[in-house]
Structure formats: structure tokens, C-alpha cells
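Inspection log for the structure reproduced underneath, given as C-alpha cells.
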2 protein chains.
Amino acid sequence: MKTTTQAGTGAALGTRERIVRATSRLMQRQGYEGTGIKQISREAEATLGSVYHFFPGGKQELAAEAIRHGDREFAGILRSVLGAEEDPAQAVTDVARVVAEELRASDWVDGCPVTATSLGTAGRAPDIQRAAAEAFERWRGLVADKLRGCGIAEQDAYELAHTVINTLEGAELAAQVARSEEPLLIAGRHLARLITSYR
Amino acid sequence: MKTTTQAGTGAALGTRERIVRATSRLMQRQGYEGTGIKQISREAEATLGSVYHFFPGGKQELAAEAIRHGDREFAGILRSVLGAEEDPAQAVTDVARVVAEELRASDWVDGCPVTATSLGTAGRAPDIQRAAAEAFERWRGLVADKLRGCGIAEQDAYELAHTVINTLEGAELAAQVARSEEPLLIAGRHLARLITSYR
DNA sequence: TCCTGGATGGAGCGTTCGTTCTAGCGAGGG
DNA sequence: CCCTCGCTAGAACGAACGCTCCATCCAGGA
């Protein structure tokens with residue numbers, strides 16, 4: 001056999017990767033409980049047998065893996081947008097704008113995959129909760145690094161990173177509900193002002 | 001027959017009210033898809049017949065009503081906490097603290113009922129989405145009124161109200177995932193700082 | 001007194017759920 | 001050559017899903 005674990009972005013993906021991506025996308029739209037394994041296997045063009053072959057832990061393992069996928073995806077966006085702008089306040093505003101654009105492009109349906117997947121399993125699925133906590137921590141870390149690199153004090157950077165991520169998260173949710181970019185754009189401006197006040 | 005629509009807080013509640021409260025509480029914990037009608041009727045000590053008698057629109061109507069219940073509930077908290085403190089920055093910090101306390105008291109399980117219920121039905125249930133949008137709007141209105149009453153300019157108050165609600169929402173979510181009050185307490189401090197910068 | 005109609009109680013409909021299980025496929029190594 | 005084994009394929013299971021339907025109850029009006 002050929003090792004089909006390729007993470008290539010070009011050609012056809014391996015079965016396992018297709019399953020993870022389908023899970024992530026579906027749970028992002030419909031949440032954990034709203035997404036069925038059969039729907040996932042259909043969407044991924046894999047069969048039920050393949051799904052349980054790669055994820056013997058069933059739906060929970062699948063969801064945790066999907067969260068880690070969303071984690072890496074947004075971490076990539078965060079790294080690239082934060083890296084492209086020197087001023088941290090402007091960089092955070094840029095992130096808000098990018099998130100708003102992607103949300104609008106999906107007709108307000110593709111929110112945060114981590115939030116949508118982990119909410120509704122609160123307390124009842126430790127693996128999922130842990131994966132979600134790690135994602136938020138990773139994102140906060142990226143923001144905190146950027147802030148520290150711009151001369152903001154350690155403790156301030158740590159706390160600001162919390163609020164930057166949480167405000168974006170809340171604003172994205174509001175943007176979905178209101179079907180409008182406004183909450184995210186306002187959040188970007190306010191976060192910029194807040195960051196500037198610490199320089 | 002007696003009109004059993006009493007909203008009394010004292011004695012036994014009417015069947016309809018018990019159903020709404022059970023729905024709100026369950027969906028707050030498990031989301032829309034994760035909550036079954038039979039579970040609701042069991043929890044509310046009502047029967048399936050009663051549920052469909054009062055809510056012929058089925059699960060969607062039930063969810064929309066539950067969101068409106070959560071809306072009124074949090075609006076009450078908001079009114080009372082914002083009214084008890086003159087300084088708007090301190091008042092918002094107080095709200096964050098109260099939310100954190102209640103969240104901890106529920107062992108990090110009772111998040112925002114509106115968010116938990118509406119997420120995962122994005123775009124597919126207009127009634128639910130509308131009820132959620134109205135809840136957020138009502139809450140923003142209460143915050144904006146407080147800010148305006150403290151001499152903050154109309155447009156600034158409008159935008160700040162957006163970010164106050166959205167940041168609290170995002171921080172509550174993070175607090176649930178991390179099982180920690182920290183995100184909410186940080187959010188309270190940052191929102192206070194942001195508000196103060198507009199005075 | 002009977003009648004009426006809101007409210008209750010719950011069996012049962014067809015469907016889908018997550019999961020299990022076994023049979024078969026086909027490329028690589030001996 | 002055949003054998004092995006990672007992978008695919010999908011039927012089948014019991015349980016739960018949302019919802020329909022009808023029998024029953026009972027207070028208030030005629």
C-alpha cells in the first residue's frame with residue numbers, strides 16, 4: 001500500500017483527511033449533535049467502515065480531531081495576518097476584517113469551528129473540551145507573542161490576548177446572528193484602541 | 001377553567017411556564033439538537049400532549065420561546081446590576097463578575113442560553129435566529145442607555161454597547177471551556193478601561 | 001343536569017441515530 | 001504465485017428522534 005497521509009494541498013486528499021475536513025465543516029455549521037456520522041461519511045465520500053477504521057473512538061474522537069483541524073486552520077490565518085502588519089493594533093483590526101470577510105463569504109454560516117463543535121457538549125465530553133481549550137490557548141499565545149514583540153509588558157500582553165480572542169469570538173457570533181459585518185468591525189476598532197492604550 | 005398563565009415566582013408554576021423553563025435550561029446546557037422533546041416533557045413534569053398543545057409549532061417554536069425566556073432573564077440581571085452602580089465602567093465590571101459567579105455556581109455548565117440554543121441552527125431556523133437577534137439587541141440597548149446616561153456620545157455608546165455584550169459573550173464561552181473565571185474578570189477590567197477612555 | 005372545550009396522558013408512526021460486524025478489495029512482500 | 005493486511009463497503013441493531021393521534025379528564029356555563 002501507499003502511505004496516504006499526505007497533507008498535500010494540491011491533488012486529491014487521502015480518505016482520513018477528507019473525513020476530518022468534512023467533519024470540521026459540518027460541525028462548524030450544525031454543531032456536534034446536529035451532525036451525523038452518516039452525513040459525514042456521505043459528504044467526505046467515504047464509507048461508514050472507513051470512518052470507524054480511522055476513528056475507532058467514534059463521534060467524540062472525530063469531533064476532537066475536527067477541532068484540532070480548525071485550530072490549525074485559524075492559527076495559520078492568525079500567523080499570516082499578524083505577521084503582515086507591524087503595528088499590533090492595526091494587525092488585530094486586520095484580523096477582525098479578515099474574519100468578517102470570510103463569514104460574509106459563507107453567507108454567515110461558517111462561524112468558529114471550535115466554538116460550534118464544543119458548545120453543547122459542555123462537561124460531558126472531556127476530550128472535546130480539552131481540544132477546544134488547547135485551540136483557544138494556542139490562539140492567545142500567538143496574539144500574546146505579537147504584543148510582547150511590540151513592547152507591551154508581559155502581564156498586559158497575556159491579558160490582552162485573552163480579550164482579543166474572546167472579543168473576536170463573541171463578535172463573530174453576533175455577526176452570524178445579525179447577518180452583518182458590523183459587530184466584527186466595531187470589535188476591531190475597539191481592540192485597537194485598547195491595545196494602543198497599553199503602549 | 002382558570003387562566004393559568006400566572007408568572008408568579010412563588011407557588012407552583014403553570015404547565016406552559018414549566019415547559020418553557022425546562023426547555024431554556026436544557027438547551028442552555030445541550031444546545032438545540034442535543035435536547036429532545038421527550039426529555040423536556042420529562043424534566044418539566046408535563047406530558048408530550050401538553051407540550052404540543054401549548055407549542056403546536058413543535059421544537060422550533062419551543063426553542064424560540066426558550067430564547068425569549070433567557071432574553072428576559074438576562075435583561076433583568078443587566079437592569080439590576082447596571083442600575084446599582086453609577087459609574088458605567090464599574091457597572092460593566094460588576095456585570096462580568098456576576099456572570100462569572102453564576103457560571104462557576106453551575107459548575108461551568110450554564111452558559112448563555114441564547115447562544116447555546118441558536119448556534120447550530122444557523123440559517124436553517126429563521127424564527128430562532130430572529131429571537132436571538134432580538135435578545136442581543138435588547139441587551140445592547142440596555143447597555144447603551146446606561147452609557148448615554150453617563151454622558152457618553154450617542155454613536156460611541158452604540159458601538160461600545162456592541163463590544164460590551166460581545167466581549168462578555170465571548171469571555172463567558174472561554175470561561176466555560178477553561179472552567180475558570182479568569183476570562184470574564186479580565187474582560188470586565190478591559191471593558192472598564194475602554195469605557196473610561198471615552199469619557 | 002348535561003355539555004363544552006381546554007388540558008392531559010401516552011401509544012405508536014416512520015425515520016434517523018451511533019455503532020457493530022462481516023465480507024470483500026487490491027497492492028506489496030515472500 | 002499467493003498471502004497478508006490496510007482499507008473499503010454497507011447491511012443490520014437497538015435506541016432515540018420529532019411528531020400525530022385519540023381517549024380521557026374536569027371545571028364552568030347553560
Side-chain angles (χ1 to χ4, degrees), chain A residues 1-7 11-24 26-27 29-67 117 120-121 124-128, chain B residues 1-8 11-24 26-27 29-66 117 120-121 124-128:
Chain A
M1 63 154 251
K2 272 271 289 300
T3 305
T4 47
T5 336
Q6 96 269 27
L13 287 76
T15 304
R16 196 195 134 97
E17 185 67 14
R18 286 204 317 278
I19 294 171
V20 171
R21 295 194 184 197
T23 306
S24 182
L26 287 170
M27 290 195 176
R29 286 165 152 84
Q30 333 177 58
Y32 177 79
E33 306 276 7
T35 303
I37 302 242
K38 286 171 186 175
Q39 185 186 14
I40 290 171
S41 78
R42 213 179 309 127
E43 199 84 8
E45 301 191 272
T47 61
L48 223 39
S50 299
V51 173
Y52 279 96
H53 171 75
F54 287 111
F55 305 95
K59 200 180 185 182
Q60 291 205 8
E61 184 183 351
L62 208 36
E65 201 57 57
I67 287 182
T117 305
T121 65
R124 293 174 299 137
D127 294 352
I128 295 177
Chain B
M1 62 153 249
K2 271 269 289 296
T3 305
T4 48
T5 334
Q6 95 268 28
L13 287 75
T15 305
R16 197 195 133 97
E17 184 67 15
R18 287 203 317 277
I19 293 171
V20 170
R21 295 195 182 198
T23 306
S24 182
L26 287 171
M27 289 195 176
R29 288 165 150 84
Q30 332 177 54
Y32 177 79
E33 305 276 7
T35 303
I37 302 244
K38 286 174 183 169
Q39 186 186 13
I40 290 171
S41 78
R42 213 179 308 125
E43 199 84 8
E45 302 191 271
T47 62
L48 221 41
S50 299
V51 173
Y52 280 95
H53 170 76
F54 287 110
F55 304 95
K59 201 182 184 181
Q60 291 205 9
E61 184 183 349
L62 210 35
E65 202 56 56
T117 304
T121 66
R124 293 174 298 136
D127 294 351
I128 296 176

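Within every chain, numbering begins at 1; the chains are lettered A, B, ... in the order of the sequence lines, protein sequences first and strands thereafter.
- Between His53(B) and dA7(C) there is a side-chain polar atom (N or O) within less than 4.0 angstrom of OP1 or OP2.
- The distance from atom NE2 of His53(A) to atom OG1 of Thr47(A), rounded to the nearest 0.5 Å, is 10.5 Å.
- The distance from the OG1 atom of Thr121(B) to the CE atom of Met27(B) is 9.5 Å, given to the nearest 0.5 Å.
- Checked against dG18(C), dT8(C), dG18(D), the side chain of Tyr52(B) finds its nearest nucleotide in dG18(D).
- Atom-to-atom, CD of Gln30(B) to P of dA16(D) comes out at 14 Å; the value is rounded to the nearest Å.
- Ion pairing between Arg124(B) and Glu33(B) holds under the 4.0 Å rule for side-chain N and carboxylate O.
- Here the NZ atom belonging to Lys38(A) is positioned 6.5 Å from the CG atom belonging to Leu48(A), to the nearest 0.5 angstrom.
- For Gln39(A), the CD atom counts as densely surrounded, since its 6.0 Å shell holds more than 12 non-hydrogen atoms of other residues, nucleotides or ligands.
- Atom CG of Leu62(A) and atom OG1 of Thr117(A) lie 10.0 Å apart (nearest 0.5 Å).
- Here Gln30(A) contributes atom CD and Tyr32(B) contributes atom OH; the two are 13.0 Å apart, rounded to the nearest 0.5 Å.
- As judged by a 4.0 angstrom heavy-atom cut-off over every strand, Thr35(A) is placed among residues touching the sugar-phosphate backbone only.
- Counting only distance, with no hydrogens or angles, the side chain of Thr23(A) and the backbone of Ile19(A) share a donor-acceptor pair below 3.5 Å.
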With pairs defined as Watson-Crick or G-U wobble and both distances under 3.5 angstrom, please note down DNA chain D as a dot-bracket string, | for pairing with another strand.
|..|||||||||||||||||||||||||||
Could you run through nucleotides 10-15 of chain C and give me one letter per nucleotide, 5' to 3': B if any protein heavy atom sits under 4.0 Å from the base, S if only the sugar-phosphate is that close, - if neither?
BBB---
